[in-house]
Engineer: 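Quick one: the structure is below, and I'll ask about it shortly.
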Amino acid sequence: MAGRILLLTLLFFTLLQHDLPAQEKKENQKASETAKSPEFDPVATGLRAAPIPSTAIRTAAINKNGSLIAFGTGEGKISIWDTKQNKFTHEWSGHDHWVFDLTFDANSERLFSGGGDNKTKIWSSKDWKLLKTFEDHTDDVHSVALTPDETLLITGGDDANVIVRNLKTGEVTILKGHTAQVTSTVLSLDGKQAFSSSRDQTIRVWDLENFKEVAVLTGHQEDVLHLAIDKSGQQLASASYDGTARLWDVKSLKQIASFEIPKRWVTAVEFSNDSKLLFTGSTDFMLRAFNIRSKKEIWKISTGSDVSDLLSLPDAKTLLASTSSHGIKFYDYTNDVVTTKRVAVPAYVVPGHAPPISTLDYLVMHEALLFEQSSEDWGQKIGLLALYGDAFSRTLMADLKTNELPAPKQELAKRLKDKLSISPQEALGTALIGKYWGRLAVAEFSDLRVTETLRDWVTGETRKWSPTPNNFEKELLSVELKIQKELAVLSKSDADKKRAKEIESAIVTEFRKLADEKNEAK
C-alpha cells in the first residue's frame, strides 16, 4: 500500500523487461540510470491526484518542552529540528518506507514512529539509536499515541485495526470496529480514552481501561484523515476529504461545529494553545484559522503545497505546517493576522513536478490496471494515472469493479475514478487519433496484453472521427508519421526494424480502411 517508493522511470521500465527485445532492454536500462526526474510515490500521488514526491514530509511531533521537533518523510527518513539552534541536527533512515506518525514520550527520552513497512519503532532521544521494533500490524502503521503514564502504546493501521500494546507486560490487544484504514489516533488528557479516525468515514471512541468501543461519531461524508485534541482536553477536531473540519465535545461526544472549505480536502487540523482558534490545512494549498466561538474564518495564507501535518508550538504564537513539496513552514500568528516566520527545507526534499513519460510507460500502467489487479503492488503500477490518465484510462476505470478490490485498492481506484471523471475531454481530431494509433503500434511491438483492448477502443473512436474531406490525405499522412515515430524509438536492430515496419504497415492499412469506411458513409 502507501509508501512503496520507486523512481518513475524505474517503475515502468522494470515492468517491461520481460517483454522487450534484449537490445531494447539495454537501451531502457541506460535511459533509466541517467534519468534526472524526481522520485514520486505512485500511491500517494494517486490518492492526492497531485504529484507527491517521495521526499514529502508526512508528519511532525514536538517534545514536551518544545526544544525538539521530529519529522518523518516518504522515504522513511526521520529528521530532528533543534528549536534553539534553528537547524536540523540529526537525520537517519527510520523505516523502509513512509514515516506516517511520530510522538515523543513525556520526558523526551524516547521517540515513537509508525511506518509504511508495517512496523512501530522506539528510538532513544539521547543518540537516536533504535531501542525496539514491534510488528503488531499487518499493513502500514498510520498513527502512534502514548498514554501519559507511558504504559500503553496505541497504534492504528491500514489493516483497519487499533492495537493497544502494554509496554510493561508486552500484552497486545486488538480493537476491532473500523471497516477501513485507520488514519489517526489521539488520546484524552487522562489517557483513559482513545479516538481513532478512519477511511470508513467515522471516528471511534475506545475505553482503554476495559478495551471496549464506547461510541461511533458519524457525520463526515468522506474519509476522516486527521484528528487533534485541544490543550484543555474538551474539544476534538477532525479533518475530512468531504471538505470540512468538524468539532466534537469530548464529554458528550456530540458534534458542536463544522467549518467548510468547499470542493477541497481538509488534510490536517490543530488547535491554538488557548483553544480559541482551529487551524486547517487543505488541498488548495492554504492554511486557515477559524475562530471557534464565532465559527468564522479570520485569516488564511498559502503554503505552496499540500499540508500534511500541523503543530502549535509552546510559545503560543508559532504554528508549524509540514508540506508535501516545500519543507516545513513556521508561521507567527495572532487572532487577526499571520506571517511567515521561517521556512526550513531539509536537503533531501525535492519539489514535485511531473516529468513527461514515454508511450511504453503509459501502456504498462494500463496493462497493470487491466490484468494485475491481484498483484500486491498494483497501486504502485497504476497510481500515476492520476497525472497521466486520459480518455482511454477513463474508459477502463469506468468498467473497473471497484467494490471487488481489497480495501486499500478500493480507495485508490475510487480516487482515480474521481480524478479522471473531472479531467477535461480532449477534442477528437487528427492529433489525438494519431497518438492512439501510435500507442497501438507500440503495444503490438512490445507484445503487451493491453493491445486488444486498446485496438477495440481506438477503432471505435476512429469510427466517430470525421476528418475534413479536403484535407483528408494530409491528415492521414500525419497519423502515419506518428506511428512511424513511435516505432522508431523502439526498433534498433535490423530484425526489430523489419518487425516494426510490418506492424506499421498493418496498422496503417487498418486505419485506412476505417477512414475509407467513414468517407464512404458520407
Side-chain angles (χ1 to χ4, degrees), residues 9 12-13 15-16 19-28 31 355-370 385 388-396 425-522:
T9 48
F12 296 120
F13 281 98
L15 295 170
L16 284 166
D19 286 321
L20 298 179
Q23 177 64 27
E24 180 59 16
K25 291 180 185 178
K26 191 174 181 180
E27 293 292 332
N28 285 342
I357 62 171
S358 73
T359 299
L360 286 175
D361 299 341
Y362 170 89
L363 290 168
V364 170
M365 277 193 285
H366 292 81
E367 171 125 330
L369 176 64
L370 286 173
L385 284 176
Y388 301 108
D390 55 11
F392 180 53
S393 315
R394 184 185 295 114
T395 302
L396 299 185
Q425 293 276 1
E426 290 181 275
L428 198 61
T430 308
L432 185 59
I433 289 294
K435 177 169 68 176
Y436 285 114
W437 281 96
R439 287 174 174 172
L440 177 58
V442 171
E444 290 211 356
F445 183 89
S446 304
D447 294 325
L448 295 173
R449 288 174 291 174
V450 74
T451 301
E452 183 177 349
T453 306
L454 180 56
R455 180 184 296 280
D456 290 343
W457 184 84
V458 72
T459 298
E461 293 299 302
T462 302
R463 284 198 172 99
K464 302 175 188 176
W465 180 50
S466 299
T468 306
N470 294 337
N471 295 326
F472 174 69
E473 292 300 329
K474 179 181 178 181
E475 291 173 339
L476 179 60
L477 177 63
S478 70
V479 172
E480 293 178 14
L481 290 174
K482 181 71 176 178
I483 296 171
Q484 292 172 354
K485 182 179 179 181
E486 293 285 9
L487 287 173
V489 174
L490 295 177
S491 55
K492 304 296 181 184
S493 67
D494 290 341
D496 287 342
K497 288 179 181 178
K498 181 179 179 182
R499 183 174 176 224
K501 192 64 179 177
E502 290 172 351
I503 290 172
E504 176 196 331
S505 298
I507 287 182
V508 168
T509 299
E510 185 175 349
F511 173 76
R512 282 179 179 271
K513 288 180 180 178
L514 286 167
D516 289 344
E517 170 191 307
K518 189 71 176 176
N519 275 353
E520 288 173 6
K522 288 184 176 181

Engineer: Any carboxylate oxygen within less than 4.0 angstrom of a Lys/Arg side-chain nitrogen, looking at R439 and D390?
Structural biologist: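 Judged by the 4.0 Å cut-off on N to carboxylate O distance, R439 and D390 do form a salt bridge.
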
Engineer: Closest approach of V450 and E367, non-hydrogen atoms and distance?
Structural biologist: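 Smallest heavy-atom distance, with atoms named: N-OE1, 2.9 Å.
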
Engineer: Do we see a donor-acceptor contact under 3.5 Å between the side chains of T430 and W465?
Structural biologist: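 W465 and T430 do not have a side-chain donor-acceptor pair below 3.5 Å.
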
Engineer: To the closest 0.5 Å, what do you measure between NE2 (H366) and OG1 (T451)?
Structural biologist: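 Here the interatomic distance stands at 13.0 Å.
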
Engineer: Angle between ring planes, Y362 versus F392, binned at 30° and 60°: parallel, tilted or perpendicular?
Structural biologist: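 Tilted: the ring planes of Y362 and F392 meet at 30° to 60°.
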
Engineer: So do L448 and L454 actually touch side chain to side chain, heavy atoms under 4.5 Å?
Structural biologist: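 With C-beta onward as the side chain, the pair stays apart.
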
Engineer: For F445, which of V489, L487, L440 qualifies under side-chain contact (heavy atoms from CB on, under 4.5 Å)?
Structural biologist: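 Filter result, single survivor: L487.
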
Engineer: Roughly how far apart are E504 CD and T509 OG1, rounded to 0.5 Å?
Structural biologist: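 Here the rounded value is 9.5 Å.
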
Engineer: Measure across A391 and Y436 and return the closest heavy-atom pair with its distance rounded to 0.1 Å.
Structural biologist: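 Scanning both residues completely, I find the closest heavy atoms to be N-OH, 3.8 Å.
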
Engineer: Please round to the nearest 0.5 Å and tell me the distance separating atom CZ of R512 and atom CD1 of I507.
Structural biologist: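 The distance works out to 14.0 Å.
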
Engineer: Residues two or more places apart in sequence or in another chain: which of them pass side-chain contact (heavy atoms from CB on, under 4.5 Å) with E452?
Structural biologist: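 With neighbours one apart ignored, the set is D456.
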
Engineer: Can E510 and K513 be counted as an ion pair, charged N to O under 4.0 angstrom?
Structural biologist: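 K513 and E510: not salt-bridged.
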
Engineer: Could R499 and D447 be called an ion pair, given the rule that one side-chain N must be under 4.0 Å from one carboxylate O?
Structural biologist: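 Yes, R499 and D447 are salt-bridged.
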
Engineer: Do E517 and L514 make a side-chain contact, defined as non-hydrogen atoms from C-beta onward lying under 4.5 Å apart?
Structural biologist: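 Yes - at least one pair of side-chain heavy atoms lies under 4.5 Å apart.
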
Engineer: Evaluate side chain to side chain contact (heavy atoms under 4.5 Å, CB included) for F511 paired with I433, printing each intermediate quantity in order.
Structural biologist: CA-CA 10 Å; F511 173 76; I433 289 294; 3.6 Å; yes

Engineer: Under the side chain to side chain contact (heavy atoms under 4.5 Å, CB included) rule, what do S446 and L363 come out as? Steps first, then yes or no, please.
Structural biologist: CA-CA 10 Å; S446 304; L363 290 168; 5.7 Å; no

Engineer: Enter the distance from K501:NZ to S491:OG here, rounded to the nearest 0.5 Å.
Structural biologist: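 Answer rounded to 0.5 Å: 10.0 Å.
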
Engineer: For the pair K435 and E486, find out whether any cationic side-chain nitrogen is under 4.0 Å from an anionic carboxylate oxygen.
Structural biologist: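 Looking at K435 and E486, the cut-off is not met.
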
Engineer: Evaluate L360 against V442 for side chain to side chain contact (heavy atoms under 4.5 Å, CB included), listing each step before the verdict.
Structural biologist: CA-CA 7 Å; L360 286 175; V442 171; 3.4 Å; yes

